[in-house]
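It should be emphasised that the depicted structure is a prediction, and the values quoted were computed from it without experimental measurement.
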Amino acid sequence: MDVDPRQYEQIAISDKDIQNIVVSYLVHNYFNDTAESFIASVKMKPPPYNLDDMEKRKETLRFVSEGNVPRAIELTEELAPGLLEKNKDMHFDLLCLHFVELVCAKKCTEAIEFAQTKLTSFGKVQKYVSKLEDSMAMLAYEEPRNSPMSHLLSADHRQQVADSLNRALLEHKGQPRYPALERLLQQATLARQYLTQENGKDLYPPFSLKDFFKS
C-alpha cells in the first residue's frame with residue numbers, strides 16, 4: 001500500500017527507537033553524565049560501547065578547541081592507536097592547526113622547524129598543497145590574524161577540526177560518524193525537497209526546519 005507522506009503523523013514510532021535516537025545524540029556529543037542518567041531513567045539496556053570513552057574523547061576535543069594540538073594528538077594516540085597513521089587527512093588538519101597556532105604566537109622559528117619535520121611529506125600530495133600554501137603564507141604577515149588566511153586561526157576553524165576528529169574517533173571505535181538524529185533530519189529535509197521538486201511548491205512548500213519545530 002502506498003503511503004501518503006502528508007500522513008506522517010499516523011506513522012507509529014516506538015519509545016525504544018526514540019530512546020536510541022536520544023542516546024545516540026548524547027554519546028556523539030560526549031554528554032556522559034546525561035547519557036548515563038537517561039539510560040538509567042528509562043531502564044534502557046546500556047549501549048554496546050564504553051561510556052567512559054566519552055570523557056576521554058571530550059578532553060581530547062577540548063584541547064583541539066583550545067589550540068593545544070600536541071596534547072590532543074597525544075590523547076588521540078592513547079584513545080585510538082593507529083588512527084592518525086591511517087587517517088592522513090585528519091593528521092594533516094591537526095598538524096596544520098598547530099603550525100598556524102605557532103605562527104600566531106609569533107614562534108616563527110619553531111613553526112618553520114615544525115613544518116620541516118612534520119609537514120614536508122604532505123607537500124608531495126596534491127590534495128594537501130593548497131591548504132599547506134595558505135598556512136605557510138601566514139609567515140609573511142606581521143599580524144597573521146589580519147591576513148587573508150586569518151580564518152585558519154578562528155574559533156570556527158578549530159571547532160571544524162575538533163568535529164572532524166570527533167567523527168574519526170567514533171568511527172575508529174565502530175560507532176556511527178553522525179548521530180541518528182542528524183541523519184534523520186538530513187533524510188527528512190532531502191525527502192521534502194524532492195517532494196517539492198516533483199509535485200510543486202503549492203502541494204509541498206519548501207521545508208524549513210525552523211518552521212517544523214514551530215508546528
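In terms of heavy atoms, Ile112 sits closest to Phe99 at N-CE1, 4.4 Å. Between Leu170 and Arg177, the shortest heavy-atom distance links the atoms CD1-O, 4.4 Å. Scanning all heavy atoms of the two residues, the minimum distance from Leu152 to Val100 falls at O-CG2, 3.6 Å. For the pair Ala35 and Leu26, the tightest heavy-atom approach, listed with the atom from each and the gap, is CA-CD1, 3.7 Å.
Counting non-hydrogen atoms of neighbouring residues, nucleotides and ligands closer than 6.0 angstrom, the CD atom of Glu142 reaches no more than 12 such neighbours.
Of the inter-residue distances, the one linking Asn29 atom CG with Glu182 atom CD reads 8.5 Å to the nearest 0.5 angstrom. Note that the CZ atom of Phe122 and the NZ atom of Lys127 stand 9.5 Å from one another [nearest 0.5 Å]. The CZ atom of Arg71 sits 10.0 Å away from atom OG1 of Thr76, with the distance rounded to the nearest 0.5 Å. Expressed to the nearest 0.5 Å, how far CG of Asp89 lies from NE2 of His91 amounts to 12.0 Å. In this structure, the separation between SG on Cys104 and NZ on Lys106 is 7.5 Å, given to the nearest 0.5 Å.
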| How far apart are the C-alpha atoms of Leu61 and Leu165, what are their side-chain angles, what is the distance that settles it, and do they pass the side chain to side chain contact (heavy atoms under 4.5 Å, CB included) test? | CA-CA 7 Å; Leu61 301 176; Leu165 180 57; 3.9 Å; yes

| His98 vs Phe114, side chain to side chain contact (heavy atoms under 4.5 Å, CB included): CA-CA, chis, key distance, verdict | CA-CA 9 Å; His98 182 53; Phe114 176 80; 3.5 Å; yes

| request: Show the numbers, then the answer: is there a side chain to side chain contact (heavy atoms under 4.5 Å, CB included) between Asp93 and Leu97? | output: CA-CA 6 Å; Asp93 285 344; Leu97 181 59; over 6 Å; no

| said: Show, in sequence, the C-alpha distance, side-chain angles and deciding distance for Arg167 and Glu171, and conclude whether the side chain to side chain contact (heavy atoms under 4.5 Å, CB included) test is met. | reply: CA-CA 6 Å; Arg167 291 192 291 269; Glu171 185 176 42; over 6 Å; no

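Between Asp15 and Gln19, the side chains place no donor N or O within less than 3.5 Å of an acceptor N or O (distance only, hydrogens not considered).
At least one donor-acceptor pair under 3.5 Å links the side chain of Ser154 to the backbone N or O of His151. Looking at Arg158, its side chain does come within 3.5 Å of a backbone N or O of Ser65 through a donor-acceptor pair. Under the 3.5 Å distance criterion, the side-chain polar atoms of Ser24 are matched with a main-chain donor or acceptor of Ala180. Under a 3.5 Å cut-off, the side chain of Thr120 and the backbone N or O of Thr117 do not form any donor-acceptor pair.
Taking the six-membered ring where tryptophan is involved, the planes of Tyr128 and Phe92 are tilted, since the angle between them lies from 30° to 60°. Using bins of under 30°, 30° to 60° and over 60° for the plane-to-plane angle, the ring pair Tyr25/Phe31 lands in the tilted bin.
Ion pairing between Glu113 and Lys118 fails under the 4.0 Å rule for side-chain N and carboxylate O.
With a 4.5 Å cut-off on side-chain heavy atoms, Leu169 and Leu83 count as touching.
Residue Val23 is tested with His28, Glu36, Met44 for a side-chain contact (heavy atoms from CB on, under 4.5 Å); the sole match is Met44.
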